[in-house]
Amino acid sequence: MDSENRPEDRSKTPSILVVEDDEGLRSNFKFLLEHEGYLVQEAPHGKAALELLRQSLQTDRPPPSLILLDLEMPVMNGWELITFLKTNRDDAGQWGKIPLIVCSGATHREPDILKHAAFVFPKPTDLTPLLEAIRSLLK
């Protein structure tokens, strides 16, 4: 077995949770980020992202190293997810420390909530600065 497939090495690999309702864009982000060497989980909206985060608590799996987040989504939008992550003080309080990168066409709405994001990119997103932002947060 080569070194990049050993379980102990994979546990040290940064993971990214991509929360995006557009399936094609979500798949493109996943492909790009996996090509860059990151582990990637996907969620089509904020509620599904919270379920993945809760599963990490139940399995003692570390939470994602970073969340890449759209804002305009059905079920639970990005603003609601940010608010939950940054204000919840129960057993999920650790999630408020996960760096957020927002990629959305609606970055002009609710700017006070967006102050919680490390980076905000408008859609369509230029991938070079996005990857540089991800690398800077996960180094």
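Here the structure is a predicted model, which is why all the values come from computation and not from measurement.
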**Validation row: Leu69, Ile101 side chains within 4.5 angstrom (heavy atoms)** = no
**Close side-chain approach of Glu36 to Phe31, heavy-atom, < 4.5 Å** = no
**Asked** So which heavy atom on Pro99 is nearest to which on Ser65, and how close?
**Response** CD-O, 3.2 Å
**Message:** To the nearest 0.5 Å, what is the distance between CG on Leu32 and CD on Glu34?
**Reply:** 10.0 Å
**Asked** Can you check whether Val40 reaches Ser15 side chain to side chain, under 4.5 Å on heavy atoms?
**Response** no
**Message:** By the definition side chain to side chain contact (heavy atoms under 4.5 Å, CB included), identify the one residue from Asp70, Val19, Leu68, Val18 that meets it with Arg26.
**Reply:** Val18
**Request:** For residues Leu33 and Leu39, determine if any side-chain heavy atom of one lies less than 4.5 Å from a side-chain heavy atom of the other.
**Result:** no
**Prompt:** CZ of Phe29 to CG of Leu130: how many Å apart, nearest 0.5 Å?
**Reply:** 6.0 Å
**Item:** Glu72 to Ser104 - nearest heavy-atom pair and separation
**Value:** N-OG, 4.2 Å
**Request:** Please report the closest heavy-atom contact between His116 and Ile82, naming both atoms and the distance.
**Result:** CB-CG2, 3.9 Å
**Message:** Measuring from atom CD of Glu20 to atom CG of Leu71, what distance do you get when rounded to the nearest 0.5 angstrom?
**Reply:** 10.0 Å
**Message:** Using side-chain heavy atoms (C-beta onward) and a distance below 4.5 Å, is Trp95 in contact with Arg54?
**Reply:** yes
**Prompt:** Should Leu17 and Val75 be regarded as members of a common hydrophobic cluster, given that ILVMFWY residues are connected when their side-chain heavy atoms come within less than 4.5 Å of each other, either directly or indirectly?
**Reply:** no
**Message:** side-chain contact (heavy atoms from CB on, under 4.5 Å), that's the test. Do Phe121 and Val102 meet it? Break it down for me.
**Reply:** CA-CA 6 Å; Phe121 293 98; Val102 170; over 6 Å; no
**Request:** Give the minimum heavy-atom separation between Leu53 and Pro64, together with the two atoms involved.
**Result:** CD2-CD, 3.4 Å
**Asked** Which pair of non-hydrogen atoms, one from Pro63 and one from Ser56, has the smallest distance, and what is that distance?
**Response** CA-OG, 4.1 Å
**Item:** Ala117 versus Val120, closest heavy-atom pair with distance
**Value:** CB-CG2, 3.9 Å
**Prompt:** Atom CG in Leu66, atom CD1 in Ile98: separation rounded to 0.5 Å?
**Reply:** 9.0 Å
**Asked** Looking at side-chain heavy atoms only, is the closest gap between Phe119 and Pro129 below 4.5 Å?
**Response** no
**Item:** Ionic contact status for Lys47 with Glu80, cut-off 4.0 Å
**Value:** no
**Asked** Is the shortest heavy-atom distance from the side chain of Tyr38 to the side chain of Ile134 under 4.5 Å?
**Response** yes
**Asked** Heavy atoms, side chains only, cut-off 4.5 Å: are Ile67 and Ile16 in contact?
**Response** no
**Asked** Can you tell me how far the NZ atom of Lys86 sits from the CG atom of Leu100, to the nearest 0.5 Å?
**Response** 4.5 Å
**Request:** Nearest 0.5 Å please: distance from the NZ atom of Lys97 over to the CG atom of Leu85.
**Result:** 13.0 Å
